[in-house]
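Data block below; observations after.
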Number of protein chains: 2
Amino acid sequence: MLNFSISEENYIKTIFHLQQEEKNVTTNGLAAVLQTKPASITDMMKKLKQKKLVHYQPYRGFRLTNEGKKIALSIIRRHRLWEYFLSEKLKFSWDEVHAVAEDLEHVSNKKLVDKLDEFLGFPRFDPHGDPIPDSQGRILKNQQIPLSEMPLNKSAVVCNVSDQSSSMLELMDHNNIAIGTRVEVKKKFDFDHSLEIKLRQQNPFIISDMLAKKIFVKYGA
Amino acid sequence: MLNFSISEENYIKTIFHLQQEEKNVTTNGLAAVLQTKPASITDMMKKLKQKKLVHYQPYRGFRLTNEGKKIALSIIRRHRLWEYFLSEKLKFSWDEVHAVAEDLEHVSNKKLVDKLDEFLGFPRFDPHGDPIPDSQGRILKNQQIPLSEMPLNKSAVVCNVSDQSSSMLELMDHNNIAIGTRVEVKKKFDFDHSLEIKLRQQNPFIISDMLAKKIFVKYGA
DNA sequence: AAATAAGTTTAGGCAAATCTAAATTATGAA
DNA sequence: TTCATAATTTAGATTTGCCTAAACTTATTT
(Lines give C-alpha, C1' and ligand atoms only; values in the text may rest on other atoms or scores of the structure.)
Protein backbone atom coordinates (compact mmCIF):
# COMPACT_ATOMS: atom_id res chain seq x y z
CA MET A 1 0.00 0.00 0.00
CA LEU A 2 1.49 3.28 -1.14
CA ASN A 3 1.79 6.46 0.83
CA PHE A 4 -0.70 9.29 0.67
CA SER A 5 -0.55 12.95 1.58
CA ILE A 6 -2.43 14.25 4.59
CA SER A 7 -4.80 15.97 2.22
CA GLU A 8 -5.46 12.83 0.22
CA GLU A 9 -6.05 10.88 3.42
CA ASN A 10 -8.58 13.41 4.63
CA TYR A 11 -10.47 13.20 1.36
CA ILE A 12 -10.46 9.39 1.37
CA LYS A 13 -11.60 9.13 4.96
CA THR A 14 -14.38 11.65 4.51
CA ILE A 15 -15.67 10.04 1.33
CA PHE A 16 -15.79 6.73 3.19
CA HIS A 17 -17.97 8.20 5.91
CA LEU A 18 -20.23 10.04 3.48
CA GLN A 19 -20.83 7.05 1.26
CA GLN A 20 -22.21 5.04 4.18
CA GLU A 21 -25.17 7.41 4.06
CA GLU A 22 -25.68 8.10 0.38
CA LYS A 23 -25.18 6.03 -2.74
CA ASN A 24 -22.89 8.56 -4.37
CA VAL A 25 -20.93 11.33 -2.77
CA THR A 26 -21.35 14.75 -4.37
CA THR A 27 -18.84 17.50 -5.01
CA ASN A 28 -20.72 20.07 -2.95
CA GLY A 29 -21.40 17.61 -0.16
CA LEU A 30 -17.76 16.75 0.26
CA ALA A 31 -16.73 20.41 -0.05
CA ALA A 32 -19.06 21.33 2.79
CA VAL A 33 -17.67 18.67 5.12
CA LEU A 34 -14.04 19.38 4.27
CA GLN A 35 -14.59 23.14 4.52
CA THR A 36 -13.18 23.71 1.10
CA LYS A 37 -14.46 24.81 -2.33
CA PRO A 38 -16.11 22.59 -4.93
CA ALA A 39 -13.33 23.30 -7.42
CA SER A 40 -10.78 21.79 -5.04
CA ILE A 41 -12.86 18.65 -4.78
CA THR A 42 -12.91 18.24 -8.54
CA ASP A 43 -9.13 18.64 -8.67
CA MET A 44 -8.62 15.98 -6.04
CA MET A 45 -11.14 13.58 -7.58
CA LYS A 46 -9.15 13.64 -10.81
CA LYS A 47 -6.05 12.72 -8.88
CA LEU A 48 -7.72 10.00 -6.82
CA LYS A 49 -9.33 8.57 -9.93
CA GLN A 50 -5.95 8.34 -11.58
CA LYS A 51 -4.68 6.49 -8.52
CA LYS A 52 -7.70 4.18 -8.83
CA LEU A 53 -9.01 5.07 -5.39
CA VAL A 54 -12.38 6.44 -6.54
CA HIS A 55 -14.87 5.72 -9.26
CA TYR A 56 -15.61 9.10 -10.78
CA GLN A 57 -17.41 10.37 -13.87
CA PRO A 58 -17.72 14.16 -14.24
CA TYR A 59 -21.04 15.48 -12.95
CA ARG A 60 -21.97 12.01 -11.66
CA GLY A 61 -20.52 12.00 -8.16
CA PHE A 62 -18.03 9.46 -6.87
CA ARG A 63 -17.44 6.46 -4.58
CA LEU A 64 -14.35 4.74 -3.26
CA THR A 65 -13.02 1.72 -5.12
CA ASN A 66 -12.25 -1.40 -3.08
CA GLU A 67 -8.66 -0.24 -2.89
CA GLY A 68 -9.90 3.17 -1.70
CA LYS A 69 -12.01 1.53 1.00
CA LYS A 70 -9.05 -0.48 2.22
CA ILE A 71 -7.07 2.69 2.63
CA ALA A 72 -9.97 4.44 4.34
CA LEU A 73 -10.22 1.59 6.83
CA SER A 74 -6.54 1.80 7.64
CA ILE A 75 -6.86 5.54 8.31
CA ILE A 76 -9.92 4.96 10.47
CA ARG A 77 -8.05 2.22 12.31
CA ARG A 78 -5.28 4.64 13.19
CA HIS A 79 -7.69 7.35 14.19
CA ARG A 80 -9.70 5.17 16.52
CA LEU A 81 -6.71 3.46 18.09
CA TRP A 82 -5.27 6.86 18.94
CA GLU A 83 -8.63 7.95 20.33
CA TYR A 84 -8.63 4.90 22.53
CA PHE A 85 -5.07 5.60 23.64
CA LEU A 86 -5.80 9.24 24.41
CA SER A 87 -8.87 8.38 26.40
CA GLU A 88 -7.70 5.24 28.17
CA LYS A 89 -4.02 6.00 28.78
CA LEU A 90 -3.64 9.77 28.69
CA LYS A 91 -6.99 10.42 30.38
CA PHE A 92 -8.30 12.86 27.83
CA SER A 93 -12.01 13.40 28.16
CA TRP A 94 -13.99 11.64 25.46
CA ASP A 95 -14.98 14.87 23.72
CA GLU A 96 -11.35 15.98 23.32
CA VAL A 97 -9.92 12.87 21.71
CA HIS A 98 -11.31 13.35 18.23
CA ALA A 99 -9.45 16.56 17.41
CA VAL A 100 -6.10 15.26 18.62
CA ALA A 101 -6.54 11.97 16.79
CA GLU A 102 -7.13 13.91 13.57
CA ASP A 103 -3.43 14.74 13.61
CA LEU A 104 -2.07 11.46 14.91
CA GLU A 105 -4.00 9.42 12.35
CA HIS A 106 -1.71 10.64 9.57
CA VAL A 107 1.36 8.94 10.99
CA SER A 108 1.07 5.86 8.86
CA ASN A 109 3.86 3.58 10.03
CA LYS A 110 2.27 0.13 10.03
CA LYS A 111 4.45 -1.33 12.73
CA LEU A 112 3.65 1.60 15.01
CA VAL A 113 -0.07 1.09 14.54
CA ASP A 114 0.07 -2.65 15.08
CA LYS A 115 2.18 -2.31 18.20
CA LEU A 116 -0.12 0.38 19.53
CA ASP A 117 -3.05 -1.96 18.95
CA GLU A 118 -1.26 -4.67 20.89
CA PHE A 119 -0.27 -2.30 23.70
CA LEU A 120 -3.91 -1.28 24.09
CA GLY A 121 -5.01 -4.92 24.25
CA PHE A 122 -6.60 -5.06 20.80
CA PRO A 123 -9.67 -2.99 21.65
CA ARG A 124 -12.42 -3.33 19.07
CA PHE A 125 -14.40 -0.16 19.93
CA ASP A 126 -13.18 3.38 20.46
CA PRO A 127 -14.37 5.72 23.22
CA HIS A 128 -17.29 6.87 21.04
CA GLY A 129 -18.39 3.28 20.60
CA ASP A 130 -17.26 3.13 16.97
CA PRO A 131 -15.62 -0.10 15.83
CA ILE A 132 -11.84 -0.16 15.35
CA PRO A 133 -10.77 -2.06 12.22
CA ASP A 134 -8.20 -4.79 12.90
CA SER A 135 -4.93 -5.01 10.98
CA GLN A 136 -6.75 -6.71 8.10
CA GLY A 137 -9.33 -3.94 7.94
CA ARG A 138 -12.08 -6.10 9.44
CA ILE A 139 -14.58 -4.46 11.75
CA LEU A 140 -17.02 -5.95 14.20
CA LYS A 141 -20.54 -4.74 13.76
CA ASN A 142 -22.20 -3.94 17.01
CA GLN A 143 -25.92 -3.69 16.67
CA GLN A 144 -26.52 -0.26 17.98
CA ILE A 145 -29.88 1.42 17.87
CA PRO A 146 -30.71 5.06 18.35
CA LEU A 147 -32.18 5.89 21.73
CA SER A 148 -35.29 7.05 19.88
CA GLU A 149 -36.00 3.47 18.79
CA MET A 150 -35.64 1.78 22.14
CA PRO A 151 -38.56 -0.05 23.67
CA LEU A 152 -39.85 1.29 26.98
CA ASN A 153 -38.33 0.22 30.27
CA LYS A 154 -35.48 -1.75 28.80
CA SER A 155 -32.04 -0.86 30.04
CA ALA A 156 -29.15 -0.19 27.64
CA VAL A 157 -25.82 1.56 27.55
CA VAL A 158 -24.87 4.60 25.50
CA CYS A 159 -22.17 3.50 23.10
CA ASN A 160 -22.06 5.96 20.24
CA VAL A 161 -22.95 9.51 19.37
CA SER A 162 -23.34 10.30 15.72
CA ASP A 163 -22.80 14.03 15.99
CA GLN A 164 -19.72 15.51 17.55
CA SER A 165 -20.54 19.19 17.22
CA SER A 166 -19.76 21.19 20.31
CA SER A 167 -23.41 22.15 20.72
CA MET A 168 -24.28 18.47 20.82
CA LEU A 169 -21.54 17.67 23.30
CA GLU A 170 -22.59 20.58 25.47
CA LEU A 171 -26.11 19.26 25.66
CA MET A 172 -24.93 15.72 26.41
CA ASP A 173 -22.69 17.01 29.11
CA HIS A 174 -25.41 19.13 30.64
CA ASN A 175 -27.65 16.09 30.85
CA ASN A 176 -24.87 13.91 32.26
CA ILE A 177 -25.06 11.56 29.33
CA ALA A 178 -21.76 10.04 28.23
CA ILE A 179 -20.44 6.90 26.61
CA GLY A 180 -21.07 4.09 29.05
CA THR A 181 -24.04 5.72 30.72
CA ARG A 182 -26.84 3.27 31.45
CA VAL A 183 -30.20 4.53 30.26
CA GLU A 184 -33.85 3.53 30.10
CA VAL A 185 -36.71 5.08 28.13
CA LYS A 186 -39.73 5.59 30.38
CA LYS A 187 -42.20 7.27 28.04
CA LYS A 188 -42.56 8.56 24.50
CA PHE A 189 -44.62 11.62 23.62
CA ASP A 190 -46.50 11.46 20.36
CA PHE A 191 -46.84 15.20 20.01
CA ASP A 192 -43.18 16.05 19.32
CA HIS A 193 -41.64 12.60 19.68
CA SER A 194 -39.72 13.71 22.72
CA LEU A 195 -38.76 11.02 25.23
CA GLU A 196 -38.62 10.75 28.95
CA ILE A 197 -35.49 8.91 29.95
CA LYS A 198 -33.92 7.85 33.20
CA LEU A 199 -30.27 7.51 34.08
CA ARG A 200 -29.02 5.60 37.12
CA GLN A 201 -29.69 7.42 40.38
CA GLN A 202 -31.40 10.33 38.69
CA ASN A 203 -34.94 11.44 38.23
CA PRO A 204 -36.37 10.97 34.77
CA PHE A 205 -36.17 13.93 32.40
CA ILE A 206 -37.19 14.74 28.87
CA ILE A 207 -35.01 15.00 25.81
CA SER A 208 -35.86 15.95 22.25
CA ASP A 209 -36.44 13.56 19.40
CA MET A 210 -33.53 15.17 17.61
CA LEU A 211 -31.10 14.37 20.38
CA ALA A 212 -32.48 10.86 20.86
CA LYS A 213 -31.86 10.04 17.22
CA LYS A 214 -28.17 10.79 17.58
CA ILE A 215 -27.50 8.83 20.72
CA PHE A 216 -26.91 5.14 20.05
CA VAL A 217 -27.23 2.43 22.65
CA LYS A 218 -26.49 -1.23 22.94
CA TYR A 219 -28.17 -3.79 25.17
CA GLY A 220 -26.15 -5.57 27.77
CA ALA A 221 -22.48 -4.75 28.45
CA MET B 1 4.11 30.12 20.23
CA LEU B 2 2.91 29.99 16.65
CA ASN B 3 2.58 26.96 14.46
CA PHE B 4 5.21 25.87 12.00
CA SER B 5 5.17 23.61 8.98
CA ILE B 6 6.80 20.20 9.12
CA SER B 7 9.48 21.53 6.85
CA GLU B 8 10.20 24.56 9.02
CA GLU B 9 10.34 22.33 12.09
CA ASN B 10 12.87 20.04 10.47
CA TYR B 11 15.09 22.98 9.57
CA ILE B 12 14.87 24.46 13.06
CA LYS B 13 15.62 21.18 14.79
CA THR B 14 18.56 20.41 12.55
CA ILE B 15 20.09 23.87 12.91
CA PHE B 16 19.82 23.45 16.67
CA HIS B 17 21.80 20.22 16.57
CA LEU B 18 24.39 21.57 14.15
CA GLN B 19 25.06 24.73 16.08
CA GLN B 20 26.02 22.74 19.17
CA GLU B 21 29.10 21.70 17.21
CA GLU B 22 30.01 24.77 15.19
CA LYS B 23 29.72 28.50 15.84
CA ASN B 24 27.78 29.16 12.69
CA VAL B 25 25.80 26.74 10.60
CA THR B 26 26.53 26.84 6.88
CA THR B 27 24.27 26.52 3.88
CA ASN B 28 26.07 23.51 2.49
CA GLY B 29 26.35 21.86 5.89
CA LEU B 30 22.64 22.07 6.52
CA ALA B 31 21.84 21.00 2.96
CA ALA B 32 23.93 17.86 3.42
CA VAL B 33 22.16 16.87 6.63
CA LEU B 34 18.67 17.63 5.34
CA GLN B 35 19.38 15.86 2.05
CA THR B 36 18.35 18.88 0.07
CA LYS B 37 20.02 21.47 -2.18
CA PRO B 38 21.80 24.62 -0.98
CA ALA B 39 19.32 26.81 -2.85
CA SER B 40 16.47 25.41 -0.77
CA ILE B 41 18.36 26.29 2.41
CA THR B 42 18.78 29.88 1.32
CA ASP B 43 15.07 30.15 0.58
CA MET B 44 14.14 28.81 3.98
CA MET B 45 16.67 30.98 5.82
CA LYS B 46 15.04 34.06 4.34
CA LYS B 47 11.73 32.88 5.65
CA LEU B 48 13.01 31.94 9.09
CA LYS B 49 14.85 35.24 9.35
CA GLN B 50 11.66 37.08 8.61
CA LYS B 51 9.98 35.10 11.38
CA LYS B 52 12.90 36.07 13.65
CA LEU B 53 13.90 32.48 14.29
CA VAL B 54 17.43 32.73 12.88
CA HIS B 55 20.17 35.33 12.71
CA TYR B 56 21.21 35.34 9.08
CA GLN B 57 23.35 37.55 6.85
CA PRO B 58 23.87 36.39 3.25
CA TYR B 59 27.11 34.44 2.81
CA ARG B 60 27.77 34.54 6.57
CA GLY B 61 25.98 31.44 7.85
CA PHE B 62 23.24 31.44 10.48
CA ARG B 63 22.27 30.56 14.07
CA LEU B 64 18.97 30.26 15.88
CA THR B 65 17.68 33.24 17.82
CA ASN B 66 16.53 32.65 21.39
CA GLU B 67 13.01 32.28 20.08
CA GLY B 68 14.29 29.76 17.53
CA LYS B 69 16.02 27.78 20.25
CA LYS B 70 12.86 27.66 22.31
CA ILE B 71 11.00 26.19 19.39
CA ALA B 72 13.80 23.72 18.69
CA LEU B 73 13.62 22.54 22.29
CA SER B 74 9.90 21.98 22.08
CA ILE B 75 10.35 19.88 18.95
CA ILE B 76 13.14 17.90 20.58
CA ARG B 77 10.94 17.41 23.63
CA ARG B 78 8.23 15.86 21.51
CA HIS B 79 10.70 13.71 19.62
CA ARG B 80 12.34 12.29 22.71
CA LEU B 81 9.12 11.71 24.60
CA TRP B 82 7.80 9.71 21.68
CA GLU B 83 11.07 7.78 21.53
CA TYR B 84 10.68 6.95 25.18
CA PHE B 85 7.09 5.89 24.64
CA LEU B 86 7.96 3.70 21.66
CA SER B 87 10.76 2.00 23.50
CA GLU B 88 9.25 1.69 26.95
CA LYS B 89 5.58 1.09 26.17
CA LEU B 90 5.44 -0.29 22.65
CA LYS B 91 8.64 -2.35 23.00
CA PHE B 92 10.31 -1.04 19.89
CA SER B 93 14.01 -1.81 19.84
CA TRP B 94 16.09 1.24 20.58
CA ASP B 95 17.43 1.50 17.04
CA GLU B 96 13.93 1.69 15.55
CA VAL B 97 12.51 4.48 17.65
CA HIS B 98 14.25 7.40 15.99
CA ALA B 99 12.67 7.02 12.57
CA VAL B 100 9.15 6.64 13.92
CA ALA B 101 9.56 9.59 16.29
CA GLU B 102 10.58 11.74 13.31
CA ASP B 103 6.95 11.62 12.23
CA LEU B 104 5.28 11.81 15.63
CA GLU B 105 7.32 14.84 16.68
CA HIS B 106 5.39 17.06 14.28
CA VAL B 107 2.10 16.61 16.11
CA SER B 108 2.42 19.77 18.14
CA ASN B 109 -0.61 19.73 20.41
CA LYS B 110 0.75 20.99 23.73
CA LYS B 111 -1.77 19.21 25.90
CA LEU B 112 -1.01 15.93 24.17
CA VAL B 113 2.71 16.31 24.79
CA ASP B 114 2.29 17.31 28.42
CA LYS B 115 -0.10 14.43 29.12
CA LEU B 116 2.23 12.02 27.38
CA ASP B 117 5.07 13.29 29.58
CA GLU B 118 2.94 12.68 32.65
CA PHE B 119 1.84 9.23 31.46
CA LEU B 120 5.47 8.24 31.01
CA GLY B 121 6.34 9.44 34.52
CA PHE B 122 8.23 12.57 33.47
CA PRO B 123 11.33 10.77 32.17
CA ARG B 124 14.30 13.08 31.73
CA PHE B 125 16.37 10.93 29.33
CA ASP B 126 15.32 9.14 26.18
CA PRO B 127 16.36 5.59 25.20
CA HIS B 128 19.53 6.94 23.57
CA GLY B 129 20.47 8.69 26.79
CA ASP B 130 19.70 12.15 25.43
CA PRO B 131 17.98 14.57 27.80
CA ILE B 132 14.26 15.28 27.34
CA PRO B 133 13.40 18.99 27.78
CA ASP B 134 10.62 19.60 30.30
CA SER B 135 7.54 21.66 29.47
CA GLN B 136 9.52 24.85 30.10
CA GLY B 137 12.28 23.76 27.72
CA ARG B 138 14.75 23.03 30.53
CA ILE B 139 17.10 20.09 30.13
CA LEU B 140 19.23 18.24 32.63
CA LYS B 141 22.83 17.92 31.63
CA ASN B 142 24.22 14.47 32.26
CA GLN B 143 27.96 14.35 32.15
CA GLN B 144 28.55 11.75 29.53
CA ILE B 145 31.98 10.87 28.21
CA PRO B 146 32.91 8.89 25.16
CA LEU B 147 34.00 5.32 25.86
CA SER B 148 37.36 6.25 24.36
CA GLU B 149 38.02 8.63 27.26
CA MET B 150 37.19 6.30 30.08
CA PRO B 151 39.81 5.38 32.64
CA LEU B 152 40.76 1.70 32.82
CA ASN B 153 38.81 -0.73 34.98
CA LYS B 154 36.09 1.67 35.94
CA SER B 155 32.54 0.49 35.33
CA ALA B 156 30.03 2.68 33.50
CA VAL B 157 26.79 2.37 31.54
CA VAL B 158 26.25 3.08 27.89
CA CYS B 159 23.81 5.96 27.68
CA ASN B 160 24.17 7.60 24.32
CA VAL B 161 25.31 6.88 20.81
CA SER B 162 26.15 9.84 18.65
CA ASP B 163 25.76 8.15 15.30
CA GLN B 164 22.60 6.42 14.26
CA SER B 165 23.62 5.15 10.85
CA SER B 166 22.56 1.59 10.18
CA SER B 167 26.18 0.50 9.77
CA MET B 168 26.89 1.81 13.26
CA LEU B 169 23.83 0.15 14.73
CA GLU B 170 24.74 -3.11 13.03
CA LEU B 171 28.16 -3.08 14.63
CA MET B 172 26.74 -2.22 18.06
CA ASP B 173 24.24 -4.99 17.75
CA HIS B 174 26.86 -7.50 16.66
CA ASN B 175 28.91 -6.68 19.74
CA ASN B 176 25.90 -6.83 22.03
CA ILE B 177 26.31 -3.22 23.03
CA ALA B 178 23.11 -1.31 23.70
CA ILE B 179 21.87 1.55 25.83
CA GLY B 180 22.03 0.40 29.42
CA THR B 181 24.86 -2.06 28.85
CA ARG B 182 27.42 -1.97 31.63
CA VAL B 183 30.96 -1.71 30.30
CA GLU B 184 34.56 -1.50 31.49
CA VAL B 185 37.69 -0.59 29.54
CA LYS B 186 40.45 -3.13 30.25
CA LYS B 187 43.26 -1.92 27.99
CA LYS B 188 44.10 0.77 25.45
CA PHE B 189 46.38 0.13 22.49
CA ASP B 190 48.61 2.99 21.51
CA PHE B 191 49.15 1.77 18.00
CA ASP B 192 45.66 2.41 16.62
CA HIS B 193 43.94 3.62 19.79
CA SER B 194 41.71 0.58 19.79
CA LEU B 195 40.33 -0.54 23.15
CA GLU B 196 39.76 -3.81 24.86
CA ILE B 197 36.44 -3.67 26.67
CA LYS B 198 34.45 -6.06 28.76
CA LEU B 199 30.70 -6.39 29.09
CA ARG B 200 28.98 -8.25 31.92
CA GLN B 201 29.37 -12.06 31.63
CA GLN B 202 31.38 -11.83 28.45
CA ASN B 203 35.00 -12.20 27.56
CA PRO B 204 36.83 -8.97 26.76
CA PHE B 205 37.05 -8.02 23.10
CA ILE B 206 38.51 -5.23 21.04
CA ILE B 207 36.71 -2.33 19.41
CA SER B 208 38.04 0.45 17.21
CA ASP B 209 38.85 3.96 18.32
CA MET B 210 36.26 5.22 15.87
CA LEU B 211 33.48 3.23 17.48
CA ALA B 212 34.63 4.08 21.00
CA LYS B 213 34.41 7.80 20.26
CA LYS B 214 30.76 7.51 19.37
CA ILE B 215 29.60 5.50 22.35
CA PHE B 216 28.94 7.64 25.40
CA VAL B 217 28.83 6.33 28.95
CA LYS B 218 27.88 7.62 32.35
CA TYR B 219 29.17 6.44 35.71
CA GLY B 220 26.79 5.00 38.22
CA ALA B 221 23.11 4.37 37.39
C1' DA C 1 -39.63 21.76 -24.63
C1' DA C 2 -37.52 25.74 -23.07
C1' DA C 3 -35.98 28.45 -19.38
C1' DT C 4 -33.95 28.76 -15.06
C1' DA C 5 -31.65 27.26 -11.08
C1' DA C 6 -28.47 24.34 -8.96
C1' DG C 7 -24.45 21.77 -9.16
C1' DT C 8 -20.00 20.89 -11.28
C1' DT C 9 -15.99 21.61 -14.00
C1' DT C 10 -12.49 24.42 -16.36
C1' DA C 11 -9.20 28.06 -16.67
C1' DG C 12 -6.03 30.72 -14.70
C1' DG C 13 -3.58 32.11 -10.37
C1' DC C 14 -1.26 31.91 -5.84
C1' DA C 15 1.77 30.17 -2.00
C1' DA C 16 4.90 26.68 -0.15
C1' DA C 17 8.78 23.94 -0.82
C1' DT C 18 11.54 22.12 -3.76
C1' DC C 19 14.76 21.92 -8.00
C1' DT C 20 18.50 23.32 -11.86
C1' DA C 21 21.44 26.50 -13.86
C1' DA C 22 23.48 30.86 -13.85
C1' DA C 23 25.37 34.66 -11.31
C1' DT C 24 27.61 36.39 -7.35
C1' DT C 25 30.64 36.54 -3.22
C1' DA C 26 34.32 34.80 -0.28
C1' DT C 27 38.69 32.56 0.46
C1' DG C 28 43.16 31.04 0.26
C1' DA C 29 47.22 30.00 -2.86
C1' DA C 30 50.55 31.66 -5.91
C1' DT D 1 47.15 41.21 -4.56
C1' DT D 2 45.10 38.77 -7.87
C1' DC D 3 42.85 34.81 -9.40
C1' DA D 4 40.81 30.33 -9.21
C1' DT D 5 37.85 27.59 -6.68
C1' DA D 6 34.45 26.77 -3.41
C1' DA D 7 30.37 28.38 -1.27
C1' DT D 8 26.28 30.84 -1.63
C1' DT D 9 22.52 33.29 -3.68
C1' DT D 10 19.35 34.49 -7.44
C1' DA D 11 16.31 33.51 -11.24
C1' DG D 12 13.16 30.84 -13.15
C1' DA D 13 10.57 26.14 -13.12
C1' DT D 14 7.84 22.48 -11.05
C1' DT D 15 4.42 20.17 -7.98
C1' DT D 16 0.75 20.11 -4.62
C1' DG D 17 -3.24 21.92 -2.88
C1' DC D 18 -5.91 25.48 -2.75
C1' DC D 19 -8.58 29.68 -4.62
C1' DT D 20 -11.98 32.79 -7.79
C1' DA D 21 -14.58 33.55 -11.71
C1' DA D 22 -16.40 31.93 -15.81
C1' DA D 23 -18.27 28.19 -18.43
C1' DC D 24 -20.70 24.25 -18.67
C1' DT D 25 -24.09 20.26 -17.44
C1' DT D 26 -28.02 18.51 -15.16
C1' DA D 27 -32.35 18.88 -13.04
C1' DT D 28 -36.59 21.30 -12.27
C1' DT D 29 -40.28 24.15 -13.32
C1' DT D 30 -43.55 26.21 -16.17
Side-chain angles (χ1 to χ4, degrees), chain A residues 2-15 18-19 21-64 68 71-72 75 102-103 105-108, chain B residues 2-15 18-19 21-64 68 71-72 75 102-103 105-108:
Chain A
L2 294 162
N3 242 45
F4 301 97
S5 70
I6 291 177
S7 202
E8 288 170 329
E9 288 194 347
N10 283 329
Y11 276 82
I12 293 166
K13 179 186 63 166
T14 308
I15 294 169
L18 287 176
Q19 75 180 22
E21 315 283 314
E22 309 270 342
K23 251 261 134 70
N24 266 304
V25 181
T26 65
T27 303
N28 273 358
L30 185 53
V33 176
L34 287 178
Q35 307 254 64
T36 182
K37 303 291 161 178
S40 310
I41 305 296
T42 302
D43 287 346
M44 185 61 92
M45 286 315 106
K46 286 187 200 158
K47 201 200 321 178
L48 293 184
K49 179 180 184 172
Q50 221 204 300
K51 295 189 177 185
K52 298 194 195 297
L53 301 179
V54 296
H55 298 295
Y56 166 58
Q57 291 307 124
Y59 296 102
R60 294 269 106 111
F62 35 82
R63 317 202 88 234
L64 293 177
I71 290 154
I75 299 164
E102 286 288 297
D103 289 330
E105 74 185 5
H106 299 297
V107 178
S108 59
Chain B
L2 294 161
N3 241 45
F4 301 98
S5 70
I6 290 176
S7 203
E8 288 170 328
E9 288 194 347
N10 282 330
Y11 277 82
I12 294 166
K13 181 186 60 167
T14 307
I15 294 168
L18 287 176
Q19 74 180 23
E21 315 283 314
E22 310 269 345
K23 254 255 135 73
N24 265 305
V25 181
T26 65
T27 304
N28 273 357
L30 185 54
V33 177
L34 287 177
Q35 306 254 64
T36 182
K37 303 292 163 182
S40 310
I41 306 295
T42 302
D43 287 347
M44 184 61 92
M45 286 315 106
K46 285 188 203 156
K47 203 200 319 180
L48 294 183
K49 179 180 184 171
Q50 220 204 300
K51 295 188 177 187
K52 297 193 196 299
L53 301 179
V54 295
H55 298 294
Y56 166 57
Q57 292 306 124
Y59 296 102
R60 294 268 105 111
F62 35 83
R63 317 201 90 236
L64 293 177
I71 291 154
I75 299 163
E102 286 288 295
D103 289 330
E105 74 186 5
H106 299 297
V107 178
S108 59

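In the text below, chain A, chain B and the rest are named by the order of the sequence lines, each starting its count at 1.
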Whole angstroms only, please: what is the CG-C1' distance between L30(A) and dT9(C)? 15 Å
Suppose we screen for side chain to side chain donor-acceptor pair (under 3.5 Å). Which residues come up paired with E9(B), at least two apart in sequence or across chains? R78(B), H106(B)
Testing dT20(D), dC18(D), dC19(C) for proximity to the side chain of S7(A), the answer is dC18(D)
Whole-Å gap separating C1' (dA16(C)) and NZ (K51(B)): 10 Å
Which nucleotide in dA11(C), dC18(D), dT18(C) has an atom nearest any side-chain atom of M44(A): dC18(D)
Note: L64(A) and A72(A) closest approach over all heavy atoms is CD1-CB, 4.0 Å
Between N or O atoms, less than 3.5 Å apart, protein on one side and nucleotides 14-16 of chain D on the other: list the pairs.
none

Below 4.0 Å: OP1/OP2 of dT10(C) and any side-chain N or O of K46(A): yes
What distance separates I12(A) CD1 from S5(A) OG, expressed to the nearest 0.5 Å? 8.0 Å
With sequence neighbours excluded, what pairs up with D103(B) under the side chain to side chain donor-acceptor pair (under 3.5 Å) test? none
May I have the distance from Q57(A) (atom CD) to dT25(D) (atom C1'), rounded to whole angstrom? 14 Å
In residues 25-37 of chain B, what donor-acceptor pairs under 3.5 Å come from side-chain atoms, sequence neighbours left out?
residue : atom : partner : partner atom : Å
T26(B)  : OG1  : G29(B)  : N            : 3.0
T36(B)  : OG1  : S40(B)  : OG           : 3.4

What is the separation between atom CG on D43(A) and atom C1' on dA21(D), rounded to the nearest whole Å? 14 Å
From CG of N24(B) over to P of dA26(C), roughly how many Å is that when rounded to an integer? 14 Å
Got a list of side-chain donor-acceptor pairs under 3.5 Å for residues 48-58 of chain A, not counting sequence neighbours?
residue : atom : partner : partner atom : Å
K49(A)  : NZ   : Y56(A)  : O            : 3.0
K49(A)  : NZ   : Q57(A)  : OE1          : 3.3
K51(A)  : NZ   : E8(A)   : OE2          : 2.7

Under 4.0 Å from OP1 or OP2 of dT9(C): is there any side-chain N or O of K37(A) that close? no
Tell me, do M45(B) and Y11(B) make a side-chain contact under 4.5 Å, heavy atoms counted? yes
Please state how far atom CD in E8(B) lies from atom C1' in dT18(C), giving the value in whole angstrom units. 14 Å
Between P on dT20(C) and CD1 on I41(B), what's the gap in Å once rounded to a whole number? 13 Å
Closest to the S40(B) side chain, choosing from dC18(D), dA11(D), dT18(C): dT18(C)
Rounded to the nearest 0.5 Å, how far does CG of L18(A) lie from CG of N24(A)? 11.5 Å
I need the minimum non-hydrogen distance between N10(B) and T14(B), along with the two atoms involved. O-OG1, 2.7 Å
Value in whole Å for how far the C1' atom of dC19(C) lies from CD of Q35(B): 15 Å
Identify whether any heavy atom of F62(A) sits under 4.0 Å from a base atom; if not, whether one sits that close to sugar-phosphate; answer base, sugar-phosphate or nothing. nothing
Can you check nucleotides 4-8 of chain D for protein contacts, nitrogen or oxygen pairs under 3.5 Å, and list what you find?
residue : atom : partner : partner atom : Å
dT8(D)  : OP2  : N28(B)  : N            : 2.8
dT8(D)  : OP2  : N28(B)  : ND2          : 3.4
dT8(D)  : O3'  : Y59(B)  : N            : 3.4

